[in-house]
Colleague: 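Below you'll find the structure I mean.
Order of the sequence lines sets the chain letters (A, B, ...), proteins ahead of strands, with each chain counted from 1. Values reported hereafter were calculated over all heavy atoms of this structure, with side chains retained and with hydrogens, waters and symmetry mates removed.
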4 protein chains.
Amino acid sequence: MTETTDETRRSIGARRNPASADAIREAAEAVLLEAGYAGFSIEAVARRARAGKPTIYRWWPSKAALLIDVYQRQKRVDNPDTGNLEDDLAQFLQSLFQHWRETPAGSIFRSVIAEAQTDEAAATALTEYAHNRRAHTGRMVARAIERGEVRADVEPTVVADLVASYAWVHLLTGRITEDEATTRVAIRAIVHGILAAPTG
Amino acid sequence: MTETTDETRRSIGARRNPASADAIREAAEAVLLEAGYAGFSIEAVARRARAGKPTIYRWWPSKAALLIDVYQRQKRVDNPDTGNLEDDLAQFLQSLFQHWRETPAGSIFRSVIAEAQTDEAAATALTEYAHNRRAHTGRMVARAIERGEVRADVEPTVVADLVASYAWVHLLTGRITEDEATTRVAIRAIVHGILAAPTG
Amino acid sequence: MTETTDETRRSIGARRNPASADAIREAAEAVLLEAGYAGFSIEAVARRARAGKPTIYRWWPSKAALLIDVYQRQKRVDNPDTGNLEDDLAQFLQSLFQHWRETPAGSIFRSVIAEAQTDEAAATALTEYAHNRRAHTGRMVARAIERGEVRADVEPTVVADLVASYAWVHLLTGRITEDEATTRVAIRAIVHGILAAPTG
Amino acid sequence: MTETTDETRRSIGARRNPASADAIREAAEAVLLEAGYAGFSIEAVARRARAGKPTIYRWWPSKAALLIDVYQRQKRVDNPDTGNLEDDLAQFLQSLFQHWRETPAGSIFRSVIAEAQTDEAAATALTEYAHNRRAHTGRMVARAIERGEVRADVEPTVVADLVASYAWVHLLTGRITEDEATTRVAIRAIVHGILAAPTG
DNA sequence: TATTAAGCGAGACGGTACGTCTCGTCTTAGA
DNA sequence: TCTAAGACGAGACGTACCGTCTCGCTTAATA
């Protein structure tokens with residue numbers, strides 16, 4: 001949030017002014033953080049960024065595009081690598097919840113999901129993003145397979161899908177404050193299963 | 001969608017006219033189905049229902065309230081009871097996806113979730129609804145515990161949470177067309193776990 | 001303003017309840033006085049009178065009708081009879097201005113005139129009322145003719161028209177606070193004329 | 001009513017589009033003429049002008065402001081100068097009545113007066129307008145004083161007030177169809193007075 | 001060095017929807 | 001059969017944003 005306090009931004013010739021682009025992205029993030037998705041409008045962003053609306057529309061074709069751009073700027077949560085899948089996933093989930101609680105990322109991501117229910121482009125972007133994230137998160141499972149911890153026939157992305165879905169829905173229903181004990185119970189179900197008699 | 005084609009609806013005295021309420025609910029459902037959440041406005045519903053806007057606002061304080069009311073009217077998917085939890089959950093998930101695909105319910109539910117990201121009341125309603133559904137879905141797990149299929153220390157609602165989250169996120173990301181084989185893989189992970197060496 | 005504080009008024013059988021009618025008239029007057037013509041609505045009157053809207057519409061077909069009824073209840077200003085026309089007219093004008101200043105009559109009459117620009121019935125009622133008042137006011141002139149003070153060929157209602165018009169327009173443009181000296185100048189013009197050389 | 005049939009009006013940059021302003025004024029005039037003050041709403045004007053409501057509200061803060069603006073555009077009636085005050089005033093009155101009968105001006109002016117009974121801004125504007133018109137009409141009297149026809153101690157604006165009031169009230173009570181003979185009787189009273197014995 | 005081209009802020013434009021207000025009508029329950 | 005009550009369809013109110021447009025400016029690249 002490197003508050004670029006240029007008194008007035010002008011054109012810098014026949015090319016995009018990065019200062020304007022940054023100011024707009026930062027304003028978008030700030031608006032989203034302060035007023036939430038409900039208060040997130042192009043007008044509000046333009047006002048805050050001291051930018052003209054056409055400048056925004058020139059570079060981001062829709063509210064969704066700006067939203068996604070802002071989301072892409074957010075830091076991602078890294079995959080832990082403890083040598084134990086349950087610990088990896090539990091730690092990942094806790095880090096994700098913490099990230100969503102303590103940065104604008106959570107608020108922004110909720111907005112992206114909401115926007116995707118209305119806007120086709122946002123839906124596509126979200127689908128692609130989710131796909132990539134599943135692949136990324138799936139690497140924790142792949143490592144567990146490699147070290148023989150997890151069965152070889154397990155599809156890493158399916159496990160990642162389960163974990164991510166759990167996280168998303170908690171975000172969407174205001175349940176990202178849960179402690180490690182609670183989330184670990186869910187993770188353990190996925191990793192160990194829930195059957196009384198172990199499966200061969 | 002029992003198109004109540006009353007030529008003109010009038011007041012029936014100093015109390016709510018159920019014909020109007022029904023017409024509004026049906027119009028809301030129809031608008032949602034035809035124009036989607038993006039086209040869902042109180043004005044559009046009033047227009048379609050041939051009702052005055054104040055009549056809508058008199059009984060539903062917000063768009064969210066109407067949305068939730070419409071959603072509540074939707075048929076719920078029943079829990080199967082095959083005697084085998086994996087089969088129960090797989091069948092439940094397939095029925096749910098089919099229900100979301102073939103009735104307005106899916107479209108409406110997506111809208112409720114989106115609205116909940118903006119509207120406090122919708123968020124509360126959604127939270128409560130989700131809580132109830134977890135309890136309901138959890139009964140499948142509880143039955144499995146009772147018959148000794150599942151460990152007694154498993155919390156049924158946590159399992160329900162995992163299954164429901166998987167379903168919700170598939171709905172939100174346009175992946176409810178998946179076949180039984182795919183969903184069953186996810187269910188199997190939850191039920192049997194994914195470890196190479198079974199847990200004692 | 002004999003505040004009829006009936007806790008609840010009910011039907012008194014198959015005929016008009018005068019208490020309701022009075023309460024409505026009084027409420028109308030009070031609303032007009034407190035909120036002015038701008039705040040004068042059937043809803044506001046019904047609310048204040050604790051009466052049902054249909055009860056009002058049953059007896060007064062329109063806002064205009066109620067307005068006129070309320071105006072008709074107002075005390076009229078009497079014609080003075082000093083034996084001198086200029087004094088009579090000057091005194092009449094001052095009494096009228098005072099009446100309009102110190103009672104709701106002024107506010108109500110302004111409303112009737114405004115309403116008559118929109119409502120046909122109010123226009124008719126106002127026309128008739130104005131006609132009667134000209135006849136009444138004209139009697140001062142008629143008396144002056146009888147006693148030889150004024151030429152016999154003078155039409156009393158024309159003089160009354162001039163005086164009344166002057167009064168109305170002062171009411172409509174917020175100039176009813178003028179002192180006797182000012183109004184007398186206008187009266188003198190009508191009575192004595194303004195020519196330098198007297199007319200034979 | 002120079003029907004500016006621009007197919008579509010657009011913004012012409014960060015400044016007022018006179019074409020829109022004109023279209024709105026013309027639409028307002030047309031609505032007023034066709035539907036009267038009762039049918040005069042911002043919505044109706046916007047519809048007719050093919051303008052957005054906010055465009056109207058941007059430039060005219062209220063219905064009253066638009067009404068007054070439209071009224072200001074109307075042609076004024078000129079003062080005649082025949083060398084004889086009675087003829088001047090009689091002719092002025094007839095011209096005014098004719099103007100009010102044959103152009104939208106009469107209808108608009110009635111509306112302004114009605115609006116002024118509700119709206120503070122309209123009241124102020126009307127007061128100021130009336131003041132100016134009295135000064136203007138008073139010049140006929142001033143000229144008569146200059147040429148010795150009228151006494152020097154006569155206040156021209158008082159006479160103008162009498163004449164204008166007579167005209168206004170006739171407009172407000174639907175009596176602007178009167179012929180010259182009738183209006184001349186009133187004018188003669190003001191000019192010559194009505195006393196039997198001439199005043200010294 | 002002068003011209004051109006495009007980005008910039010600003011803000012007006014025609015629209016749509018918001019949530020509220022009042023209109024005049026209707027029906028009911030109770031006296 | 002009249003009363004209070006209040007719901008009803010209708011539609012205007014004044015406001016917020018939408019996405020588009022045109023302006024006057026500024027600067028960099030081109031001629």
Side-chain angles (χ1 to χ4, degrees), chain A residues 8-17 19-21 39-44 46-47 49-59 61-63, chain B residues 8-17 19-21 39-44 46-47 49-59 61-63, chain C residues 8-17 19-20 39-44 46-47 49-59 61-63, chain D residues 8-17 19-21 23 39-44 46-47 49-59 61-63:
Chain A
T8 34
R9 277 187 316 279
R10 279 286 199 284
S11 168
I12 55 165
R15 67 189 207 281
R16 187 175 192 174
N17 185 342
S20 284
F40 182 74
S41 68
I42 296 289
E43 298 240 337
R47 230 171 1 240
R50 301 193 59 78
K53 278 201 287 175
T55 303
I56 299 185
Y57 281 108
R58 198 182 335 268
W59 302 112
S62 68
K63 197 158 89 164
Chain B
T8 34
R9 276 185 321 273
R10 280 286 202 288
S11 166
I12 56 165
R15 65 190 209 283
R16 187 174 193 174
N17 185 342
S20 284
F40 182 72
S41 70
I42 296 288
E43 296 239 334
R47 231 169 4 238
R50 302 191 59 77
K53 275 200 289 174
T55 302
I56 299 184
Y57 281 107
R58 202 184 331 272
W59 303 113
S62 67
K63 201 157 88 163
Chain C
T8 35
R9 281 184 317 276
R10 278 286 195 281
S11 167
I12 54 168
R15 66 189 206 282
R16 183 175 193 173
N17 185 341
S20 284
F40 182 74
S41 69
I42 295 289
E43 299 239 337
R47 230 170 3 240
R50 301 192 57 79
K53 277 200 290 174
T55 305
I56 299 184
Y57 281 109
R58 198 185 328 276
W59 303 112
S62 69
K63 196 157 93 165
Chain D
T8 33
R9 277 187 317 274
R10 281 285 203 291
S11 167
I12 56 166
R15 63 190 209 282
R16 186 173 194 174
N17 185 341
S20 285
F40 182 74
S41 69
I42 296 289
E43 297 239 331
R47 233 170 0 241
R50 303 193 58 78
K53 274 200 289 173
T55 302
I56 299 184
Y57 281 107
R58 197 177 344 264
W59 302 111
S62 68
K63 199 156 89 164

Colleague: Please determine if a side-chain N or O atom of D:Thr55 lies less than 4.0 Å away from the OP1 or OP2 oxygen of E:dG14.
Modeller: yes
Colleague: Got a donor-acceptor contact below 3.5 angstrom from the B:Arg50 side chain to the B:Arg9 backbone?
Modeller: no
Colleague: Identify the heavy atoms of A:Gly39 and A:Ala44 that sit nearest to each other, and give their distance.
Modeller: O-CB, 3.9 Å
Colleague: For A:Phe40 and A:Pro54, find the nucleotide of DNA chain F closest to each by heavy atoms; which residue's nucleotide sits nearer the 5' end?
Modeller: A:Phe40
Colleague: So which heavy atom on C:Ala46 is nearest to which on C:Gly52, and how close?
Modeller: CB-C, 4.5 Å
Colleague: Taking 4.0 Å as the cut-off, does a side-chain nitrogen or oxygen of C:Arg58 come that near to OP1 or OP2 on F:dC2?
Modeller: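 So the side chain of C:Arg58 is outside the cut-off, no N or O lying under 4.0 Å from OP1 or OP2 of F:dC2.
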Colleague: Please report the closest heavy-atom contact between D:Asn17 and D:Arg10, naming both atoms and the distance.
Modeller: ND2-O, 2.7 Å
Colleague: F:dC2 P sits how many Å from C:Lys53 NZ, rounded?
Modeller: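 My rounded result for the distance is 20 Å.
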Colleague: Is the phosphate of F:dG6 approached by B:Trp59 (side-chain N or O, under 4.0 Å from OP1 or OP2)?
Modeller: no
Colleague: May I ask you to evaluate whether C:Arg47 reaches the phosphate of F:dA5, defined as a side-chain N or O under 4.0 Å from OP1 or OP2?
Modeller: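 Looking at the OP1 and OP2 atoms of F:dA5, neither is under 4.0 Å from any side-chain N or O of C:Arg47.
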Colleague: Take atom CD of D:Glu43 and atom P of E:dC21, then tell me their distance rounded to the nearest Å.
Modeller: 17 Å
Colleague: Rounded to whole Å, how long is the line connecting atom NZ of B:Lys63 with atom C1' of E:dT20?
Modeller: 18 Å
Colleague: Could you pull out all residues at least two apart from B:Lys63 that satisfy side-chain hydrogen bond (donor to acceptor under 3.5 Å, both in side chains)?
Modeller: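 None.
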Colleague: Measure from CZ on B:Arg9 to C1' on F:dA10 and round the result to the nearest Å.
Modeller: 13 Å
Colleague: Any side-chain N or O of D:Arg50 under 4.0 Å from OP1/OP2 of E:dG15?
Modeller: yes
Colleague: On DNA chain E, check which nucleotide each of A:Ala49 and C:Tyr57 is closest to and give me the residue with the more 5' one.
Modeller: A:Ala49
Colleague: Return the value, rounded to whole Å, for the distance between atom CD1 of A:Ile42 and atom C1' of E:dG11.
Modeller: 16 Å
Colleague: Are C:Arg58 and C:Thr55 close enough that some pair of their side-chain heavy atoms sits under 4.5 Å apart?
Modeller: yes
Colleague: Judged by each residue's nearest nucleotide on DNA chain F, which is more toward the 5′ side, A:Pro61 or D:Pro61?
Modeller: D:Pro61
Colleague: Rounded to whole angstrom units, what separation is found between the CD1 atom of B:Ile56 and the C1' atom of E:dT20?
Modeller: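 Taking CD1 of B:Ile56 and C1' of E:dT20, I get 14 Å after rounding.
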Colleague: Give me the atom names and distance for the closest heavy-atom approach of B:Arg15 to B:Ile12.
Modeller: NH1-O, 2.7 Å
Colleague: Spell out protein contact along nucleotides 24-31 of chain F as letters: B when the base is contacted, S when just the sugar-phosphate is, - when no protein heavy atom is under 4.0 Å; keep the 5' to 3' order.
Modeller: --BBS---
Colleague: Using only side-chain N and O atoms of D:Ser20, determine if any of them is under 4.0 Å from OP1 or OP2 of E:dG14.
Modeller: yes
Colleague: Contact class for C:Ser41 (heavy atom, under 4.0 Å): base, sugar-phosphate, or nothing?
Modeller: sugar-phosphate
